[in-house]
Amino acid sequence: MGKYLLRRILQMIPVVLGTTLLVYALVFALPGDPVKAMFGDKPVNEAVAAQIRAEYNLDKPFIIQYLLFLKNALTLNFGETFSGQPVISEIARAFPVTIKLALMAFCFEAIFGVVFGAISGLKKGKWYDSVILIVSLLLISVPTFVTGFVGQYVLGVQLRIFPVTAGSNPGFFDLLMPAMVLGSVSMAYIIRLSRSEISTNIPQDYVRTARAKGMSNTSVTFRHILRNSMIPVVTYLGQDLGALMGGAMVTEQIFNIHGVGYLTYQSILKGEANMVVSIVTLLTLVFVVCNLVVDMLYAALDPRIRYA
Amino acid sequence: MTESNNVKASEVSSASTSTNSRIATADQLHEQQLAQGPLLEVKDLQVDFTSDTGKAIHAVTDSSFSVYPGQWVAIVGESGSGKSTSAMACLGLLPGTGHVVGGSIKLDGEEISGWKPKEFVKIRGSKMGLVPQDPMSNLNPVWRIGTQVKESLVANNMDVSHEKRSKLSKALADTSVQLKDEGDETFIGSKELPQLLEAAEKALVETGCEGAKLEKAMADFRTDWVAGSETRWRVADDLMRYGVKDDDAWYIAKKYVTGSTMEDRIAGLLSEAGLPDAATRARQFPHEFSGGMRQRALIAIGLACRPELLIADEPTSALDVTVQKKILDHLRMLTDSLGTAVLFITHDLGLAAERAQHIVVMYKGRVVESGPSLEVLQHPQHPYTKRLVAAAPSLASQRIVSVKEHGGDASAIMEHKVDTAKLEANDTIIDVEHLTKEFKLPRRKELFKAVDDVSFKLKRGTTLAIVGESGSGKSTVANMCLKLLEPTSGKVLYDGQDIANFKGKSLLDFRRHVQPVFQNPYGSLDPMYSIFRSIEEPLHIHGIGDKKSRAARVRELLDMVELPESVMGRYPNELSGGQRQRIAIARAMALNPDVIVCDEAVSALDVLVQDQVLQLLNDLQAERGLSYLFITHDLAVVRQIADDVVVMQHGKLVEHGTTDQVFNNPQKQYTRDLLDAIPGGKLELGVDLADKK
């Protein structure tokens, strides 16, 4: 087990290097000159522009720029934005917001997804099973920005239950609607996944054996049907948490939440290579760690799986 | 229906007296059974399933049988005869859309057929236990074995520190042994066990017991006194048997046998079911167990709450014969000592006759015959039972032996006579020389020898059977003879040529002459191919004839395997298992091969179908001089088809001889074990069976 863990951690190194290189190349290849853009409508002063380029290493070839970034990143110096803010402090401001949003969305999709999925799977063919199925299909097929705008308009503008936007330093209540919008698609997937897992587990021989032992319907359901059905669901949830941490670019834009997704989008627009690459590096790490946790969880939930 | 009081009392007692001398005599048992009345009484039961289109499918149309306390009753029938469905209806565990539509099921005189699911929960486990069919799928892979045993104890609120005795065994104890109070049924706890053994040794020494006798006594105590399984009065009893004075024995038993914990009880139950090192094993997961061990765990679960009736649904069909024998012997001993009645469901008539006092034969959803085992076997009334008795391979080989013992001419009833002339002729078609195959196991350094130095010769026009349990390497040998696997060392000669040298055209030619038929007729036919295409495919691959002549050949082949031409346009899923196996044989025959390698070709089939397929193979051999390499785990089948037998164990060749030699005069202990394990092997059928055919 320890050996396996070490191997997985070492595997992260090439993954992180590869992603940063790729993202750096992509930002580098973006059309337009970020320095010229900084001057806006004013005429470009070539001397000043050259100075800025030298300061941000923009005059050097791509590979040198990348290596310089790596060197600084290793000492936890991610450089500055074009407006002079340290990249690290910008990220430190955005991440807590995204973590809050992601965890809320995660809890929402996990709880409601599993509960509705279980009801639906255990009571297949009942009217509420059909209702749950139709709603989940709807949520899967409608894009997030539609759900987001509809939620904003109906719950925020018309009914005035939730705030329309979240603002720069949002609290729990401000993030409630965005979290629900963000988690809705995954919730729908979890409903369908739990439902199909449960219905394949119900006719299993070991469930019949459990009933033959004289166990009550409730304990058979929890210990044998739900317990076994949750294995793939937990795997899906773990991976989804990684994705949610990446920030919800669309949702954060709609609700004006200053999280990671918002920051990334703004930085791409401005061509801030340092910022974009730093964020992506962090997100890659978060994602890889989440994946590792999922694999460990998988082994913990299913004793047939052992890593060596 | 024949009443159960026909049960021969002597049979009932034979096992109980031999395995457990503490149980009352057969007469008392019989008396008690009758006095208590039937435990389970099923009358005119009807069970329907609802199809997708809402139509009713009658799975059981007329099923009646009774089980008396402490009695073994077997329901025999082929797959789909409604035997499992009848039993599951008693537990309220019908699968899917199944429901009882008529008749009655009475448990202890109480009607239970109309019960709601909640009401069934009360009797499951505690009054009726289940030992299910497939040990692979009946244990939840995510829970430890011990936990799954515990669930049963917890669900029924079992007292884990005291044994629970059935009404029957209590009633029997009343008449033969002095009445015991609750405390006498207290289990040994694992914590007190060392002290108990110490005290026992001291007491023995005080009585003057020493040397070998003392050692033997202590060894007996160590193996017999299992925590969570043996009770106080047995400890006292054991001590007294070795000469400890009554008062001292009881003093020790009372002082050190003070009840077991949940963990002790779980381990006790598992070791009762024959699982070695149960306390450690209980902490393992199902996937760490072999099939036989899982089945033992399932038996422990089924008996955990001491039900009065145990429903055993083909409990050993998935296991090797020798394991089957051990497990059933063990189950017999346990149920006898606990006074548990067993409803034993099986497709094997020989097995049923050997194990049960009473047999119920089901056919197409009906009970067609029922009566005391030997009666049914020796004088079957219904035509279906007659066919079943005639076809059961275990009984067939038994028949041959018994005819011979009575001085008759066995060849008259043998479907297959050993062809000594051909065996002695020097006409070898497949020659296996020092064949060895090693496999690399994951995470192990040393190689695993699946086949270890095996040599034999298959003579032209004869059948050589390779017999062994699962894991003996017999299929690996078959695959090497088919050149589907490369041997690590040694060689296979086909018609004098080393098959390792076959390449390209010569390999294609070899494939044409040596054809396989595999075990699973469901898996070996492509479900997307029509029957015509499946049979025609080998002809097509080898570029034989044109479209028209190939079609004619397919018709000819279907005729040969006795199937109508109309099946050509159908698909495998529209055919029965026996029909599919015929298709597989027809396909193998398409290229006019010399050798057919049958890898467990009839194991998946019902007895009657199996019998037909074996006859077909025999006829084809007689007509065309085919040679068969016949791989099987079933020695009984060997008698019906083989001339020559190779017995394998752990990759090694154990015994090699003609069928007559191996059956009449086995040389090795392992072969004798295999022969002993053939169900029904010890039944005395009498010569009158010869005319049953």
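Naming: A, B, ... by sequence-line order, numbering from 1 per chain. Predicted model only: the values in this text are computed from it and were never measured.
- Proximity of B:Glu314 to B:His347: side-chain heavy atoms (C-beta onward) are separated by under 4.5 Å at one or more points.
- A donor atom on one side chain and an acceptor atom on the other are not found under 3.5 Å apart for B:Glu272 and B:His330.
- The contact between B:Asn156 and chain A is made entirely by side chain atoms (from C-beta outward), counting heavy-atom distances below 4.5 Å.
- The residue among B:Val131, B:Leu153, B:Val121, B:Leu91 with the most heavy atom pairs within less than 4.5 Å of chain A is B:Val121.
- Put simply, of B:Arg124, B:Lys118, B:Met88, B:Glu288, the one with the most heavy-atom pairs under 4.5 Å next to chain A is B:Arg124.
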(message) Run the salt bridge (Lys or Arg N to Asp or Glu O under 4.0 Å) test on B:Lys83 and B:Asp313 for me, step by step, so that the C-alpha distance in whole Å, both residues' side-chain angles and the decisive distance to 0.1 Å come before the verdict.
(response) CA-CA 9 Å; B:Lys83 53 190 195 305; B:Asp313 186 3; over 6 Å; no

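- Only the side chain of B:Ile301 has a heavy atom closer than 4.5 Å to any heavy atom of chain A.
- Heavy-atom contacts from other residues, nucleotides or ligands closer than 6.0 Å to OH of A:Tyr189 number 12 or fewer.
- The candidate from B:Leu130, B:Val142, B:Leu93 with the greatest count of non-hydrogen atom pairs under 4.5 Å with chain A is B:Val142.
- Ring geometry for A:His224 against A:Tyr206 counts as tilted: the plane angle lies between 30° and 60°, on a 0 to 90° scale.
- Contacts between B:Met136 and chain A at a heavy-atom distance below 4.5 Å are absent for every atom of the residue.
- Pairs passing the salt bridge (charged side-chain N to carboxylate O under 4.0 Å, His left out) check and including a residue from residues 114-135 of chain A, sequence neighbours excluded, read A:Asp129-A:Arg195.
- Contact of B:Gln148 with chain A is made through backbone and side chain together, with heavy-atom distances under 4.5 Å.
- Of the two parts of A:Pro303, the backbone and the side chain both hold a non-hydrogen atom closer than 4.5 Å to a non-hydrogen atom of chain B.
- A:Glu109 and A:Ser184 are not linked by any side-chain donor-acceptor pair at a separation below 3.5 angstrom, with hydrogens and angles left out of the test.
- Note that A:Arg304 lies outside the cation-pi zone of B:Phe285, set by a 6.0 Å cut-off to the ring centre and a 45° limit from the axis.
- For chain A, the option among B:Ser137, B:Pro286, B:Ala155 with the highest count of heavy-atom pairs below 4.5 Å is B:Ser137.
- Heavy atoms closer than 4.5 Å to chain B are found in both the backbone and the side chain of A:Arg223.
- With a 4.5 Å cut-off on non-hydrogen atoms, B:Ile311 does not touch chain A at all.
- Under 3.5 Å, the side chains of B:Gln133 and B:Asn138 contain no donor-acceptor pair of N or O atoms.
- Looking at A:Leu301, only its backbone comes within 4.5 Å of chain B, counting heavy atoms on both sides.
- For B:Pro141, the parts lying under 4.5 angstrom from a heavy atom of chain A are both the backbone and the side chain.
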